[in-house]
Amino acid sequence: MSIRWSLVIPVKTLVAAKTRLAAATGPHRTRLAVAVACDTVSAALSCPLVARVIVVTADPAAAGPLAALGADVVHDPDRGLNTALRTGAAHAVRLAPDAPVGALQADLPTLRPAELAAVLTAAAEHDQAFVPDALDVGTTFYGVRPGVPFTPRFGGESRAKHLAGGAKELDLAGIDSVRRDVDTPGDLRAAVALGLGRHTAAVVADLRLSPASRDGEAGPG
């Protein structure tokens, strides 16, 4: 039987979410943040190697839609991203002490269940493992085997931090959707090219973000 994971997904308070997309998204920024999180959670829940998704958030506007998708929502103590992840991981261990625990960024609107399954299969072979983002600077996934201390090091140049902490970098082909997080208009255009989930696609259809527009600028109105 395949090992099934508990995944922790942190979701910021929406007023603070996706500020680098503000110029491109205008009044749709918070709607986009919710949509991206919904696509991330939906894809994770559709992955056969995921037993449960635990969302950590302090924002009711995000908690409601994500709980409706099937996520287990816990309150964010608002002491930073890694504290939020540890809070979710502690909840996960209480629910399923024998399951591996992973942290997944909430801004993966192209996430495909099969690609996530490839990551989780590879991660299960190591005490702790991570996936770098598309720029090879940040991190989109970090996971540990049961009983291994959960020590996420997200934020800034987190790829280097996870390597320094002894985590195995997963260098896998064909996992672009797991690496494509979205923080800037350029990231969003790259995600559009890769293929968006339905929630994000509906918002982007309203944005009409131009492939030719520069980072930080809105597309044609």
Side-chain angles (χ1 to χ4, degrees), residues 2-12 36-37 39-41 43-57 71 76 79-93 96 98-184 187 190-191 194:
S2 299
I3 297 171
R4 300 188 73 214
W5 288 68
S6 299
L7 288 188
V8 180
I9 298 179
V11 178
K12 288 181 181 179
V36 169
D39 282 328
T40 304
V41 168
L45 286 168
S46 296
C47 177
L49 298 188
V50 174
R52 62 196 57 81
V53 169
I54 296 157
V55 166
V56 185
T57 188
D76 185 349
R79 293 197 298 270
L81 174 56
N82 291 306
T83 297
L85 290 171
R86 289 191 294 269
T87 298
H91 182 72
V93 170
D98 296 327
V101 178
L104 192 67
Q105 292 281 41
D107 55 355
L108 301 172
T110 71
L111 185 63
R112 295 167 184 163
E115 294 183 16
L116 178 58
V119 167
L120 298 178
T121 298
E125 298 177 4
H126 306 279
D127 281 350
Q128 55 172 340
F130 75 98
V131 172
D133 65 11
L135 298 177
D136 284 325
V137 175
T139 303
T140 59
F141 167 84
Y142 166 81
V144 298
R145 282 175 163 168
V148 175
F150 182 80
T151 54
R153 295 172 169 87
F154 286 85
E157 297 183 354
S158 60
R159 174 179 179 263
K161 295 175 187 176
H162 283 121
L163 283 170
K168 171 66 176 178
E169 183 173 22
L170 300 177
D171 183 14
L172 305 174
I175 60 165
D176 290 351
S177 77
V178 186
R179 301 185 66 192
R180 175 47 64 195
D181 56 345
V182 172
D183 288 312
T184 68
D187 295 338
L194 193 57

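The structure presented is a predicted model; accordingly, all values stated were derived computationally and were not measured.
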Requested in this report: Apply side chain to side chain donor-acceptor pair (under 3.5 Å) to the pair Thr110 and Ser177, showing each step before the final yes or no.
Outcome: CA-CA 5 Å; Thr110 71; Ser177 77; 4.7 Å; no
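- With hydrogens and angles disregarded, a donor-acceptor distance shorter than 3.5 Å links the side chain of Asp133 to the backbone of Gly138.
- Screening residues 117-129 for salt bridge (charged side-chain N to carboxylate O under 4.0 Å, His left out) gives Asp127-Arg145 as the qualifying pairs, with residues at least two apart or on separate chains.
- For the side chain to side chain donor-acceptor pair (under 3.5 Å) test, residues two or more places apart in sequence or in another chain that qualify with Glu169 are Arg159.
- The shortest side-chain heavy-atom distance between Val11 and Val41 does not fall under the 4.5 Å cut-off.
- Scanning both residues, Val55 and Ala71, for their nearest heavy atoms gives CG2-CB, 3.7 Å.
- Contact record, Pro109 with Asp39: O-CB, 4.0 Å, taken as the closest heavy-atom pair.
- Considering Val50, Val119, Leu111, Val8 as possible partners of Leu104, the one that fulfils the side chain to side chain contact (heavy atoms under 4.5 Å, CB included) test is Leu111.
- The pair Arg112-Asp176 fails the salt-bridge criterion, with no side-chain N (NZ, NE, NH1 or NH2) lying under 4.0 Å from an Asp/Glu carboxylate O.
- By the 4.5 Å heavy-atom criterion applied to side chains, Val144 and Pro149 are not counted as neighbours.
- In plain terms, the two heavy atoms of Ile54 and Gly88 that are nearest each other are CD1-O, 3.9 Å.
- Under the 4.5 Å side-chain criterion, counting only non-hydrogen atoms from C-beta, Phe154 is in contact with Gln105.
- Panel note: side chain Thr140, backbone Val178; a donor-acceptor pair is recorded below 3.5 Å.
- By the side chain to side chain contact (heavy atoms under 4.5 Å, CB included) test, Ala51 is found to be paired with Arg4, residues two or more places apart in sequence or in another chain being considered.
- Tyr142 places none of its side-chain heavy atoms less than 4.5 Å from the side chain of Leu85.
- Contact of the Pro10 side chain with the Thr57 side chain is not registered, since no non-hydrogen atoms from C-beta on lie closer than 4.5 Å.
- Counting only distance, with no hydrogens or angles, the side chain of Thr184 and the backbone of Asp187 share a donor-acceptor pair below 3.5 Å.
- The closest donor-acceptor contact from the side chain of Lys168 to the backbone of Ala122 lies at 3.5 Å or more, if one exists at all.
- For Ala96, the side chain to side chain contact (heavy atoms under 4.5 Å, CB included) criterion is met by Ser6, Arg52, Ala99, not counting sequence neighbours.
- Between Asp76 and Ala84, the shortest heavy-atom distance links the atoms OD1-CB, 3.6 Å.
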Query raised in the report: What do the steps show when you test Leu7 against Leu45 for side-chain contact (heavy atoms from CB on, under 4.5 Å), and what is the final call?
Result: CA-CA 9 Å; Leu7 288 188; Leu45 286 168; over 6 Å; no
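- With Gln128 contributing its side chain and Gly143 its backbone, the two residues share no donor-acceptor pair below 3.5 Å.
- Considering every non-hydrogen atom in both Trp5 and Ala124, the closest pair reads CZ2-N, 3.8 Å.
- For residues 103-137, the set of pairs meeting the ring-ring contact (aromatic ring centres under 6.0 Å, His included) definition, not counting sequence neighbours, comprises Phe130-His162.
- Under a 3.5 Å cut-off, the side chain of Thr40 and the backbone N or O of Leu108 do form a donor-acceptor pair.
- A heavy-atom distance below 4.5 Å is found between the side chains of Ile175 and Val131.
- A donor-acceptor pair shorter than 3.5 Å can be found between the side chains of Thr151 and Arg153.
- Residue Pro113 comes nearest to Ser46 through the heavy atom pair CG-CB, 3.8 Å, listed as atom of the first residue, atom of the second, then distance.
- Scanning for side chain to side chain contact (heavy atoms under 4.5 Å, CB included) contacts around Arg86 gives Asn82, Thr83, Phe150, Pro152, with sequence neighbours left out.
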